[in-house]
Amino acid sequence: MAMKYFVLSAEDYPSQQSESDTLHLIDVLTDVADERWAQDLQWGGPEHDDQHTSLEWRALIGAHTHNLIDGRGNAAPDYRERLVKIAALAVAAIQSHDRTASIINVLGSGPEPIALKEDV
C-alpha cells in the first residue's frame, strides 16, 4: 500500500492564517495521529476496528464526549487529552468506513457470495 505524506506550511494556507496557526495545527494533527497509533496498538488495529458498526462508533465517540464536562458544566481537567482521543476515535471510524466501503465496492453486494479462495 502506498504511503501518503503531507507537509503543511504557512504558504499552504490562505493569507489570513499565520505561521503560528499553521504550526499549531500541525502539532494538533500530530497529537491525534500519535493517539491513533496508540489506539491501534492497544486494541489490535483494523481487525478490531472493522468489527464496529456505524452505530457502535457513534456510541463510542458519544461516551467519550459525555466525559468532557463534569456534573457542574466545567471542562474536565484533562479536556484537551480527551478531545485528542475523540478525534483519534473519529479517525478510526473514518478509516474503518473507508476500508469496509472499499471491500463492498470490490466484492459487490449481490446475493451470491464471492469466493476469495478456491476450495481444494
Side-chain angles (χ1 to χ4, degrees):
M1 176 162 84
M3 298 292 290
K4 292 183 183 179
Y5 295 94
F6 62 93
V7 177
L8 296 175
S9 69
E11 294 82 33
D12 296 324
Y13 275 77
S15 59
Q16 69 268 20
Q17 292 290 336
S18 69
E19 185 172 356
S20 66
D21 287 341
T22 300
L23 293 174
H24 184 241
L25 175 60
I26 293 168
D27 288 342
V28 169
L29 294 175
T30 300
D31 291 345
V32 172
D34 288 346
E35 175 60 28
R36 182 69 201 101
W37 289 319
Q39 290 173 355
D40 267 354
L41 287 174
Q42 180 180 6
W43 296 105
E47 294 78 22
H48 171 268
D49 293 347
D50 293 351
Q51 294 177 21
H52 291 299
T53 66
S54 299
L55 291 175
E56 290 171 329
W57 282 115
R58 186 180 76 175
L60 284 166
I61 293 168
H64 282 273
T65 57
H66 179 75
N67 295 325
L68 286 171
I69 306 298
D70 68 15
R72 297 181 192 172
N74 300 315
D78 56 350
Y79 183 80
R80 185 186 189 284
E81 291 80 12
R82 289 176 184 255
L83 285 174
V84 169
K85 287 183 182 296
I86 292 166
L89 272 175
V91 169
I94 293 166
Q95 290 175 311
S96 177
H97 170 78
D98 289 350
R99 278 190 303 271
T100 56
S102 68
I103 289 171
I104 289 169
N105 288 337
V106 169
L107 296 180
S109 58
E112 293 184 45
I114 296 174
L116 297 178
K117 183 178 175 184
E118 272 188 45
D119 291 331
V120 179

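These figures come from a predicted structure and were not determined experimentally.
- The side chain to side chain contact (heavy atoms under 4.5 Å, CB included) test applied to L41 returns no partner, not counting sequence neighbours.
- If you chain together hydrophobic residues whose side chains sit under 4.5 Å apart, L83 and L60 fall into the same group.
- Listed by first and then second residue, the salt bridge (charged side-chain N to carboxylate O under 4.0 Å, His left out) pairs that reach into residues 52-66 come to none, sequence neighbours excluded.
- Proximity of a side-chain donor or acceptor of S96 to a complementary backbone N or O of A92 within less than 3.5 Å is not detected.
- Residues meeting the salt bridge (charged side-chain N to carboxylate O under 4.0 Å, His left out) test with R80, sequence neighbours left out: D31.
- Criterion: ILVMFWY side-chain heavy atoms under 4.5 Å apart, direct or through other members. Under it, I69 and V84 are not part of a common hydrophobic cluster.
- Atom CG of L29 and atom CG of D34 lie 11.0 Å apart (nearest 0.5 Å).
- In this structure, the side chain to side chain contact (heavy atoms under 4.5 Å, CB included) partners of S20, at least two apart in sequence or on a different chain, are S18.
- Not counting sequence neighbours, the partners of R82 by the salt bridge (charged side-chain N to carboxylate O under 4.0 Å, His left out) test are D78.
- In this structure, the separation between CG on N74 and CG on L68 is 12.5 Å, given to the nearest 0.5 Å.
- Legend: residues meeting side chain to side chain contact (heavy atoms under 4.5 Å, CB included) with A88, ordered by chain and number and at least two apart, are V32, E35, R36, Q39.
- Hydrophobic cluster membership of W37, counting Ile, Leu, Val, Met, Phe, Trp and Tyr whose side-chain heavy atoms lie under 4.5 Å apart directly or via other members: none, as it forms a cluster of its own.
- Qualifying side chain to side chain contact (heavy atoms under 4.5 Å, CB included) partners for S54, counting only residues two or more places apart in sequence or in other chains: none.
- How far OG1 of T100 is from CD of Q95: 11.5 Å, rounded to the nearest 0.5 Å.
- Residue W57 is grouped with residue I86 when hydrophobic side chains (ILVMFWY) are merged at heavy-atom distances under 4.5 angstrom, including chains of intermediate members.
- Applying the salt bridge (charged side-chain N to carboxylate O under 4.0 Å, His left out) test to residues at least two apart or on different chains, none of the pairs has a partner in residues 62-74.
- Here H48 pairs with W43, H52 under the ring-ring contact (aromatic ring centres under 6.0 Å, His included) rule; sequence neighbours left out.
- The side chain to side chain contact (heavy atoms under 4.5 Å, CB included) with H24 is formed by just one residue from the set V28, D21, I26; it is V28.
- Sorted by first and then second residue, the ring pair (Phe, Tyr, Trp, His ring centres under 6.0 Å) pairs involving residues 58-80 (not counting sequence neighbours) form an empty list.
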